[in-house]
Number of protein chains: 4
Amino acid sequence: MKTKEDVVEEFRKQSICEAAMRVVARKGMKDVTVQDIADEAGVAKGTIYIYFDSRDEILSRTMENATASLVDKLGAACRGCLGFRETLEKRVRTQIQHFDDNRDFFRLYLAMAEPFGERRLKQHPTYQTYLSQLQRLVRDAIARGEIREANVERLSISIASVIRDIILHRMIEREPPPLDSDVEFAVDFIMRGIAS
Amino acid sequence: MKTKEDVVEEFRKQSICEAAMRVVARKGMKDVTVQDIADEAGVAKGTIYIYFDSRDEILSRTMENATASLVDKLGAACRGCLGFRETLEKRVRTQIQHFDDNRDFFRLYLAMAEPFGERRLKQHPTYQTYLSQLQRLVRDAIARGEIREANVERLSISIASVIRDIILHRMIEREPPPLDSDVEFAVDFIMRGIAS
Amino acid sequence: MKTKEDVVEEFRKQSICEAAMRVVARKGMKDVTVQDIADEAGVAKGTIYIYFDSRDEILSRTMENATASLVDKLGAACRGCLGFRETLEKRVRTQIQHFDDNRDFFRLYLAMAEPFGERRLKQHPTYQTYLSQLQRLVRDAIARGEIREANVERLSISIASVIRDIILHRMIEREPPPLDSDVEFAVDFIMRGIAS
Amino acid sequence: MKTKEDVVEEFRKQSICEAAMRVVARKGMKDVTVQDIADEAGVAKGTIYIYFDSRDEILSRTMENATASLVDKLGAACRGCLGFRETLEKRVRTQIQHFDDNRDFFRLYLAMAEPFGERRLKQHPTYQTYLSQLQRLVRDAIARGEIREANVERLSISIASVIRDIILHRMIEREPPPLDSDVEFAVDFIMRGIAS
DNA sequence: TATGAATGAGAATTCATTCAT
DNA sequence: GATGAATGAATTCTCATTCAT
């Protein structure tokens, strides 16, 4: 059972992670100092070390929190969707929207993706959760005959990569195309490929 | 005309970049120090600064060299290819092979992609070259009716992202599938999407 | 109102400046490293940077402190003096005494004077204060007819230079003449020149 | 007897010193690198070390040359002067003129004057020569009754300091007063002091 | 002799982490 | 628990000096 102390501790950790996210978004992961995070969180630097063992642990935990929230949102969004295409469209839209709304987090998300960094997204537990979710959808869709038979992992990776890079380019573009347009493009690309 | 000095200088720069690549591969871009590079290259730290103005310039130049060599290889590989599909297949195969052979470079390639890092692949001149090459192919293929009409940039981004992430996963996997299998998968995914 | 923190901070800065002064006295301004100052102050190098932004700021601040204290002392010494000659004598005596007592500071004072160095005494705010003080005295004395009419700035410069160089030679001499003797000489030289 | 080699060596040293003077004038003494001097002299860095043992030796030798030339000029200028006042005026004029014409050298001269630097003007042989010259003049003038009895060294120091600081201020001023005006001021100050 | 590439000790500065209050 | 001053290892970059050619 959770004691009051546990709750307080959890709350503190959460605050610090939220602060970390805002700072990472502003300065990029490698330029964030522990002092930056402490300032943003409104606590002393020493306090940080009561709740986390190291700078790395803060960032890692921050990622987890952030990704988990996206994963939840995606799960919720697709409850009630019928076919794979509908589900996919919902997910793509939700994910693009999420990042359009949280550019901060996207910088973190990408920083995480630094694939051979100490903390690699690809091997990061919450990225795994994201990928598992997708793999389950793919597997089911194959079973239902909506998707052709192929390596489930490769399919999921590919789907994820297309969505991610389209979002990335939206971020870079000064005036990205309307949401609908990119959602449609992504779903089309994923479903039908490029062949005419 | 190149004097002997120019040749020597070029050779030195090349050696240092090669050393840099190996070290980046080992430690990740952000953790590489100038001393690491010097040690790997077997020269003194000061020597590095004879040939490069700053740590950043070394890394930047290293990227350029590495990417340029891949772009050349891809260009050469597709000379004589007839349709888009054949070209794509050739490119995918060449690219996967290249990274299977140069795991070091792949880490660098990915480090470059750190999208909001100081040196962003997306904005890096040689990445642009890579993308332009792809865009030209796509545009021509659309003109020939081999690819359906769609935003050329989005198409290219998506194609590139699929290839990249498949390679990335090959790198992570202890025993990646045979080359042919991934080439076939990628080409299929890109051409036909996932629909059955 | 000053909080306790402000007081502590001020005290630390003062300690570091005092350490800096001793080290400059020993090694000369250009050869002083931040490490030297830290060692002399008995703190870690990093600590220095809590209180000062850069090596230059330490040295600059050290100068200011030191010169300001001399300027104050000179101002105080001459309160109540009647004619210019009396004032001059008081100032010369006070200044020579001050440097006889603070040989450390004299080296700093001279290092400051390095005229084309990054921090030039001639342009340094506290040197300007010193010179202004002198100029005011000269101007008043001219108005009272105690000093002949002449360019006030040139007069002040010349007076200052004579005092300074006599002190400088006292510093170099193993056994300088008694204080009174040099005071008398300087005042005489300034008032009557060398003519018989 | 001087062999041809000696002459060549002397010539090389001279060239390097002249280059050094120009560079010191431009960048200030502490910012001059051996490479700067080599570039200015049009020789390789290594060549410098054939003729000088260290950076310090170059600078020291440069000072000596430069000061010696001033001392010679002053000696020559006063040949044939009759009284002390005439001699003094000639010297002051010559010295101001010399520095007006050689601002480069003045920066060097001042850099030398850094009194407790490794190479102190005050103890530097050629500065001693300059001072001795002045002391001889003063002593003779006292003997002839043109100057009042006083410590010869102190008198010389004071005279030198006044001349030096007036020149220094000319250097700093954007539009210094006409030569004659400063010559007259300096001679008057030295001869009669400031009293009315 | 002349060269200039190579060296490496050392400089200023930053920042994760510790610990006395 | 909370604080933030203190620490010092680590980093980038400079430059006097050496030495093989």
Side-chain angles (χ1 to χ4, degrees), chain A residues 5 8-9 12 16 30-39 41-59, chain B residues 4-5 8-9 11-12 16 30-39 41-59, chain C residues 4-5 8-9 11-12 16 30-39 41-59, chain D residues 5 8-9 12 16 30-39 41-59:
Chain A
E5 280 72 31
V8 170
E9 174 158 340
R12 286 282 204 213
I16 292 170
K30 86 170 193 322
D31 288 338
V32 168
T33 69
V34 174
Q35 186 66 65
D36 288 333
I37 297 171
D39 290 348
V43 298
K45 199 160 36 161
T47 308
I48 300 275
Y49 283 88
I50 298 172
Y51 296 100
F52 296 92
D53 285 342
S54 70
R55 177 181 178 277
D56 262 22
E57 200 200 318
I58 306 165
L59 296 175
Chain B
K4 208 180 81 187
E5 280 73 32
V8 170
E9 173 157 343
F11 176 75
R12 285 283 196 227
I16 293 170
K30 82 173 193 327
D31 288 336
V32 168
T33 70
V34 174
Q35 186 67 65
D36 289 334
I37 298 172
D39 291 349
V43 298
K45 196 167 28 162
T47 306
I48 300 279
Y49 285 92
I50 297 172
Y51 296 99
F52 296 92
D53 285 342
S54 68
R55 173 181 180 279
D56 259 25
E57 202 199 314
I58 305 165
L59 295 176
Chain C
K4 208 180 79 185
E5 280 73 31
V8 170
E9 172 157 343
F11 175 76
R12 286 280 196 233
I16 292 170
K30 81 173 194 325
D31 288 336
V32 169
T33 70
V34 173
Q35 186 66 65
D36 289 333
I37 298 172
D39 290 348
V43 298
K45 199 166 27 163
T47 306
I48 300 279
Y49 284 91
I50 297 173
Y51 296 99
F52 296 92
D53 284 343
S54 68
R55 174 181 179 279
D56 259 24
E57 202 199 315
I58 306 165
L59 296 176
Chain D
E5 279 73 30
V8 169
E9 175 158 340
R12 286 283 202 215
I16 292 171
K30 85 170 192 323
D31 289 338
V32 168
T33 68
V34 174
Q35 185 67 64
D36 288 333
I37 297 171
D39 290 349
V43 299
K45 198 160 37 161
T47 307
I48 300 275
Y49 283 88
I50 296 172
Y51 296 100
F52 296 92
D53 285 343
S54 70
R55 176 181 178 277
D56 261 22
E57 200 199 319
I58 305 165
L59 296 176

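Residue numbers begin at 1 in each chain, while the letters A, B, ... track the order of the sequences.
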In DNA chain F, consecutive runs of at least three Watson-Crick or G-U pairs below 3.5 Å, as range with range, amount to E:2-21 with F:2-21
Give a yes/no on whether any side-chain N or O of A:R12 is located under 4.0 angstrom from OP1 or OP2 of F:dA2.
yes
Taking atom CD1 of D:I58 and atom OH of D:Y49, what is their separation to the nearest 0.5 Å?
6.0 Å
How close or far is atom P of E:dT14 from atom CZ of A:R55, stated in whole angstroms?
16 Å
Heavy atoms of A:D36 and A:D31 approach each other most closely as OD2-O, 3.7 Å
Between C1' of E:dA16 and CG of A:D39, the distance in whole Å
15 Å
Can any side-chain N or O of A:E57 pair as donor or acceptor with the backbone N or O of A:D53 at less than 3.5 Å?
yes
Nearest whole Å is fine: how far is E:dT17 P from A:F52 CZ?
13 Å
To the nearest 0.5 Å, how far apart are CZ in C:R12 and OH in C:Y51?
5.0 Å
From CD1 of B:I37 across to C1' of F:dC13 the rounded distance in Å is 13 Å
When rounded to the nearest 0.5 angstrom, what distance separates OG1 in B:T47 from CD1 in B:I16?
7.5 Å
Rounded to whole Å, the CG-P distance (A:D31 to E:dT13) equals 19 Å
Mind checking D:V8 for me? I need base, sugar-phosphate or nothing, with any heavy atom below 4.0 Å counting as a touch.
nothing
Working to the nearest 0.5 Å, report the span between CD1 of B:I37 and CZ of B:R55.
7.0 Å
Got a sec? Which of residues 42-50 of chain D come in under 4.0 Å of DNA chain F, heavy atoms?
D:K45, D:Y49
If the cut-off is 4.0 Å, is A:Y51 near the phosphate of F:dA2, judged by side-chain N/O to OP1 or OP2?
yes
Just the rounded figure in Å: distance from C1' of F:dA6 to CD of C:E9.
14 Å
How many whole angstroms separate atom CG of B:D56 from atom C1' of F:dT12?
11 Å
Taking atom P of F:dT14 as reference, at what distance in whole Å does atom CD of B:Q35 sit?
16 Å
